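Heads up, the thing below is written out as structure tokens.
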2 protein chains.
Amino acid sequence: MATMNDVAREAGVSLSTVSYVLSGKRTISEETRLAVQSAIRKLDYSPHSGARALASNRSNVLGLMAPLRADVNVSVIMQFVAAVVTTARTYNQDVLLLTQDDAGGLERVTSQSMVDGLLMMDIEARDPRIPLLAKLRKPVVLIGLPDDPQGLSCVDFDFAGASRTAVRHLVDLNHRSIGFIGSPQASLERHATYADRARKGFTEACDAAGVSSTLRACEPSMPALTEALTAVLDDDDGAATAVTALVVHNEGLLPLLHEALAVRGLRIPEDISVVVIAPEDVALAATKPWTAVSIPAHDIGRAAVEMVMDRLNSDKPVEVRLIVPTLVQRETTSAR
Amino acid sequence: MATMNDVAREAGVSLSTVSYVLSGKRTISEETRLAVQSAIRKLDYSPHSGARALASNRSNVLGLMAPLRADVNVSVIMQFVAAVVTTARTYNQDVLLLTQDDAGGLERVTSQSMVDGLLMMDIEARDPRIPLLAKLRKPVVLIGLPDDPQGLSCVDFDFAGASRTAVRHLVDLNHRSIGFIGSPQASLERHATYADRARKGFTEACDAAGVSSTLRACEPSMPALTEALTAVLDDDDGAATAVTALVVHNEGLLPLLHEALAVRGLRIPEDISVVVIAPEDVALAATKPWTAVSIPAHDIGRAAVEMVMDRLNSDKPVEVRLIVPTLVQRETTSAR
DNA sequence: CTGTTAGCGCATTCAC
DNA sequence: GTGAATGCGCTAACAG
């Protein structure tokens with residue numbers, strides 16, 4: 001492995017000149033720059049990241065703590081991760097992957113100066129990691145919205161707004177009684193805030209519009225879905241106005257939903273309108289593309305990286321950024 | 001941040017003594033060791049990874065190149081990744097995540113000495129990365145089995161054996177005509193070797209047992225599945241002996257399969273037996289647990305890390321390891 | 001515009 | 001069993 005010294009000798013310049021050619025931190029004459037660059041190519045030189053980290057106090061690595069359990073949302077998680085890695089590269093950063101259950105990992109990678117900053121996925125309402133993170137003296141961005149961010153920056157999709165947008169769309173189409181089929185019970189129990197917020201936004205919007213609402217959690221399986229539909233559609237309380245539209249916030253159910261409604265003799269959208277809250281590609285994967293408020297996993301991941309990098313390079317103030325939802329009408333909603 | 005120097009001063013010993021206490025590479029008296037350790041705790045010292053990498057020529061980081069597209073197999077991929085990260089930690093290594101489409105990433109992280117070794121997922125039959133990897137002078141392990149490993153070590157599940165095991169199970173149950181529903185066409189086209197090998201093993205085993213076989217690729221959607229079932233079950237050629245059993249190698253189809261067969265009036269296992277090739281948890285997630293040859297993603301990930309670490313610490317010879325399949329009979333197969 | 005030099009924090013070779 | 005000294009490869013302050 002060639003070192004910077006070798007390059008300097010080969011190019012007939014000093015060590016620091018090579019360094020400055022690489023970093024661009026001072027002006028170099030065209031001539032010497034070319035000489036250095038050709039020496040670099042000739043020797044196939046590349047800088048040693050450890051040495052650079054030691055001297056510059058920057059590792060060019062971001063830590064990403066991601067939930068790697070085989071949960072319902074794997075595809076969303078993958079999209080986040082992909083977006084984070086891809087965006088990080090545009091800032092010349094690499095990504096070190098930490099798993100959710102590696103509790104000590106955060107402390108370790110920061111105290112050893114392995115990472116310049118941290119991104120945390122899958123934040124819960126009262127996430128126990130937050131107080132730890134708040135002490136770390138490295139930039140941290142939470143992907144998710146806890147009850148109390150304790151001075152940490154956050155970015156997330158506006159799930160409450162997503163539900164409201166979905167409801168307004170349906171209300172505009174004259175639906176007066178709307179059902180909500182949400183994340184599995186487990187998500188609610190561990191207080192994944194996206195689940196809570198989506199539910200809350202739904203209820204609020206229905207109340208505000210004066211339409212009746214019915215909520216149900218649901219596991220991603222056919223029997224669970226069948227049961228949930230029964231509960232929502234055959235609800236006696238709402239007998240006055242039968243449910244004519246659904247908001248579904250559960251990617252795992254989408255492949256099953258058409259079939260489950262067909263079994264009940266319900267056609268989409270003639271008999272029942274459906275809006276899903278899901279990643280774009282999932283919504284489009286169906287034979288009949290879903291009208292959807294899409295979860296822009298890629299945008300969120302990108303925003304998260306931008307936010308850490310901002311805080312690495314300057315000291316921007318704390319920021320909580322909510323990504324605005326947009327609804328795209330496709331083939332699964334219609335007026336009644 | 002405290003440095004080793006600070007610790008040495010605090011403990012009243014020399015720099016090197018601290019270093020040796022940490023590495024254990026020479027014997028230290030109980031007394032001074034305790035002194036050093038308490039100084040470490042008192043100052044909350046932890047070593048600087050960059051400095052360590054510079055001096056020792058080891059980063060304690062493994063690179064993992066993973067396919068982060070929203071493919072059918074996301075859950076399997078997640079399990080691999082989780083296994084790799086978890087196992088790496090037991091070797092005191094962290095994991096740097098590279099995406100499949102970051103072509104230059106491999107070259108970059110190795111030439112900059114960011115990683116001590118590399119793991120590559122999702123290897124294709126004639127993967128263009130292999131010649132590059134073969135030149136890298138760092139330990140590499142492929143998770144997958146290319147046509148020509150070019151001197152690289154590989155580890156993978158024995159997909160051909162998995163199909164054979166499934167077929168033998170069904171043959172033992174007196175099935176004489178078996179259908180295979182496999183990965184999407186796209187997987188075949190990019191020559192993901194798992195798809196090819198599973199198909200091949202299936203055909204061979206059926207031929208060897210003298211039972212008739214029908215194969216079909218299938219996208220993970222209800223219409224595609226319906227069509228595939230029609231093709232396999234209503235195949236005129238096999239009119240002599242109707243298909244009474246299926247081998248399914250496609251996780252995405254499992255939530256749909258029960259329903260799709262029910263629509264045709266087929267009960268599992270009374271009318272048709274089904275063996276799936278899928279991760280354990282996927283096979284168990286169904287209401288009626290699938291008889292399955294399980295894909296031990298965790299074992300494979302662990303083996304891969306073990307293999308790189310072996311080659312980092314000593315120079316073991318090249319090795320190609322195939323993980324042996326095992327079938328667990330559950331509720332979806334029966335004798336006829 | 002360029003060169004000289006002093007660390008960055010640690011591992012390790014000598015010397016005792 | 002311990003300490004002193006050197007160098008890993010690079011950045012950036014200082015000095016022209």
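Owing to the predicted nature of the structure, the values given are computational and were not obtained by experimental measurement.
In this structure, the CE atom of Met4(B) is 13 Å from the C1' atom of dC8(C), given to the nearest Å. Put simply, CD on Glu31(A) is 12 Å from P on dC1(C), counting in whole angstrom units. Separating the CG atom of Leu15(B) from the P atom of dC14(C) is a distance of 18 Å, rounded to the nearest angstrom. Summarising the geometry, the separation between CZ on Arg9(A) and C1' on dT4(C) is reported as 16 Å, rounded to the nearest angstrom. Leu43(B) places its CG atom 12 Å from the P atom of dC10(C), with the value rounded to the nearest Å.
Annotation: salt bridge (Lys or Arg N to Asp or Glu O under 4.0 Å) contacts involving residues 18-39 of chain B, sequence neighbours excluded, comprise Glu30(B)-Arg33(B). Residue pairs meeting the salt bridge (Lys or Arg N to Asp or Glu O under 4.0 Å) criterion with at least one partner in residues 36-49 of chain A, sequence neighbours excluded, are Glu10(A)-Lys42(A).
Less than 4.0 Å separates DNA chain D from at least one heavy atom of each of the following residues of residues 18-29 of chain B: Arg26(B), Thr27(B), Ile28(B), Ser29(B). Contacts of residues 47-63 of chain B with DNA chain D (heavy atom under 4.0 Å): Leu54(B), Ala55(B). In the region residues 105-114 of chain B, proximity to DNA chain D at under 4.0 angstrom, judged on heavy atoms, holds for none of the residues.
Looking at Val140(A) and Arg311(A), their side chains never come closer than 4.5 Å, going by heavy atoms from C-beta outward. Looking at heavy atoms from C-beta onward, Thr32(B) lies out of side-chain contact with Val21(B) at the 4.5 angstrom threshold.
The footprint of chain A on DNA chain D, defined by a heavy-atom cutoff below 4.0 Å, extends from dG9(D) to dC14(D).
Every residue meeting the ring-ring contact (aromatic ring centres under 6.0 Å, His included) condition with Phe157(A), not counting sequence neighbours, appears here in chain and number order: Phe159(A). Ser56(B) pairs by the side-chain contact (heavy atoms from CB on, under 4.5 Å) definition with Arg52(B), Arg58(B), not counting sequence neighbours. By the salt bridge (charged side-chain N to carboxylate O under 4.0 Å, His left out) test, Asp156(A) is found to be paired with Arg197(A), residues two or more places apart in sequence or in another chain being considered. Legend: residues meeting side-chain contact (heavy atoms from CB on, under 4.5 Å) with Leu96(B), ordered by chain and number and at least two apart, are Val61(A), Asp94(A), Leu96(A), Val61(B), Val109(B), Met114(B), Val115(B). Listed by chain and number, the residues in a side-chain contact (heavy atoms from CB on, under 4.5 Å) with Asp310(A) are Lys316(A) (sequence neighbours excluded).
Between its opening and closing five pairs, the helix from dC1(C)-dG16(D) to dC16(C)-dG1(D) changes axis direction by 40°, a value rounded to 10 degrees.
When all heavy atoms are compared, the tightest approach of Glu124(B) to Pro146(B) is O-CB, 3.7 Å.
A donor and an acceptor atom, one from each side chain of Gln112(B) and Ser49(A), are nowhere located under 3.5 Å apart.
Classification of Arg89(B) and Asp101(A) as a salt-bridged pair fails, no side-chain N sitting under 4.0 Å from a carboxylate O.
Two residues, Ser16(A) and Met1(A), neighbour DNA chain D, and the one matched to the more 5' nucleotide by heavy-atom proximity is Met1(A).
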